[in-house]
Amino acid sequence: MSDLIITEDPANYPIPEEGLHHGVCVDAISIGTVETPWGAKEKVSLMFELQSTDEDGKPFLVGKRFTRSLNEKATLRKFLEKWKGSKYTPQDLQEGINLEDYVGMSATLFIVRNETEERTYANVESILPYKAPDTGEISYYGLKPNGEYTRVCERPDYKTPEEFALNGA
């Protein structure tokens, strides 16, 4: 085997501790159609930059993937309603919910660790509105990201889900 083959063990990526973490939504991503055990489903992902940092001082990034649905039983809808602290009105749902509106919003996230044979993952279990520590009041834009994260749609090699499906990676 060549000395020039370099591998990186994905199990060594730092992940945040379990518990409550404050963070900012830094991306809303349309993943496109994904095969699931229940058939093909349209998926979206929300990415959060946490205020907690790894040993190098870099903020942790965590994400949560959802089926693209606002049905009253849908995980995405329940998650967004918990985050904003109120239920959507029928008018809100009829007009449509733009996930882009959530980019830049602060949140308090409950992070859990899940282990597989390959590695341990940090998963967003739940979300609450962020409350400013000085007032205890909900502050939707009280936290700011550090500015180093580049949104997926702004990356040079970005392909829409449709382009990706047609052309592959």
Side-chain angles (χ1 to χ4, degrees), residues 8 10 12-16 21-54 56-71 73-86 88-89 91-112 114 118-119 121-130 138-169:
E8 185 164 353
N12 291 332
Y13 288 112
I15 60 172
H21 294 265
H22 300 306
V24 180
C25 181
V26 291
D27 215 348
I29 305 161
S30 176
I31 297 171
T33 304
V34 175
E35 279 300 324
T36 73
W38 304 274
K41 303 283 184 191
E42 289 286 317
K43 296 285 186 176
V44 295
S45 182
L46 294 172
M47 297 298 298
F48 296 88
E49 179 183 287
L50 302 182
Q51 298 294 293
S52 51
T53 58
D54 65 17
D56 296 327
K58 293 183 179 184
F60 290 108
L61 283 172
V62 294
K64 186 160 179 76
R65 186 180 285 195
F66 304 91
T67 297
R68 186 181 175 139
S69 171
L70 291 175
N71 178 287
K73 295 181 181 181
T75 304
L76 176 60
R77 179 172 170 177
K78 291 176 185 178
F79 188 85
L80 295 175
E81 288 178 337
K82 282 182 190 174
W83 188 3
K84 70 187 205 94
S86 63
Y88 289 115
T89 66
Q91 183 177 349
D92 291 336
L93 296 168
Q94 195 170 18
E95 291 173 2
I97 306 303
N98 186 351
L99 293 182
E100 287 289 325
D101 293 343
Y102 287 84
V103 175
M105 276 183 62
S106 305
T108 298
L109 302 159
F110 182 60
I111 305 295
V112 296
N114 297 94
E118 295 86 37
R119 67 181 281 193
Y121 295 90
N123 293 321
V124 177
E125 180 75 17
S126 190
I127 191 166
L128 293 169
Y130 170 74
I138 291 175
S139 178
Y140 292 109
Y141 298 95
L143 301 174
K144 301 292 180 220
N146 75 354
E148 293 182 16
Y149 179 86
T150 301
R151 294 193 60 199
V152 169
C153 65
E154 296 171 357
R155 296 176 187 174
D157 57 348
Y158 172 73
K159 294 179 183 176
T160 65
E162 295 80 16
E163 291 172 323
F164 188 83
L166 291 174
N167 302 321

[X] side chain to [Y] main-chain N or O, any donor-acceptor pair under 3.5 Å?
X: Trp83; Y: Ser106; result: yes
X: Asn71; Y: Lys73; result: yes
X: Tyr140; Y: Lys84; result: yes

Measuring from [X]:[atom1] to [Y]:[atom2], what's the distance to the nearest 0.5 Å?
X: Ser45; Y: Leu76; atom1: OG; atom2: CG; value: 10.5 Å
X: Lys78; Y: Ser126; atom1: NZ; atom2: OG; value: 11.5 Å
X: Ser86; Y: Asp92; atom1: OG; atom2: CG; value: 8.0 Å

Shortest non-hydrogen contact from [X] to [Y]?
X: Thr108; Y: Pro129; result: OG1-O, 3.8 Å
X: Asn146; Y: Glu49; result: N-OE2, 2.6 Å
X: Phe79; Y: Ile127; result: O-CG2, 3.3 Å
X: Val44; Y: Ser30; result: CG1-CA, 4.3 Å
X: Pro145; Y: Val26; result: CB-CG1, 3.7 Å
X: Val24; Y: Gln51; result: CG2-NE2, 4.2 Å

Item checked: Contacts of Lys43 that satisfy side-chain contact (heavy atoms from CB on, under 4.5 Å) - sequence neighbours left out -> Ile31, Val34, Thr36, Lys41, Arg65, Thr67
Note to self: Which residues pass the side-chain contact (heavy atoms from CB on, under 4.5 Å) test with Asn114, not counting sequence neighbours?
What the structure shows: Val112, Asn123
Check: side-chain contact (heavy atoms from CB on, under 4.5 Å) with Pro16: which of Asp54, Leu109, Val62?
Finding: Val62
Checklist line | Working for side chain to side chain contact (heavy atoms under 4.5 Å, CB included), residues Gln94 and Thr89 | finding: CA-CA 9 Å; Gln94 195 170 18; Thr89 66; over 6 Å; no
Note to self: Quick one, Ile97 with Tyr102, criterion side chain to side chain contact (heavy atoms under 4.5 Å, CB included). Give me CA distance, side-chain angles, the key distance, then yes/no.
What the structure shows: CA-CA 10 Å; Ile97 306 303; Tyr102 287 84; 4.0 Å; yes
Item checked: Partners meeting salt bridge (Lys or Arg N to Asp or Glu O under 4.0 Å) with Glu100 (sequence neighbours left out) -> Arg151
Margin query: Could you walk me through whether Met47 and Tyr149 satisfy the side chain to side chain contact (heavy atoms under 4.5 Å, CB included) test, starting with their C-alpha distance in whole Å, then the side-chain angles of each, then the deciding distance to 0.1 Å, before giving a yes or no?
Written below: CA-CA 10 Å; Met47 297 298 298; Tyr149 179 86; 3.9 Å; yes
Next item on the list: Just do the side chain to side chain contact (heavy atoms under 4.5 Å, CB included) check on Glu42 and Thr33 with the steps written out, would you?
Entry: CA-CA 4 Å; Glu42 289 286 317; Thr33 304; 2.5 Å; yes
Checklist line | Validation row: Leu46, Leu80 side chains within 4.5 angstrom (heavy atoms) | finding: yes
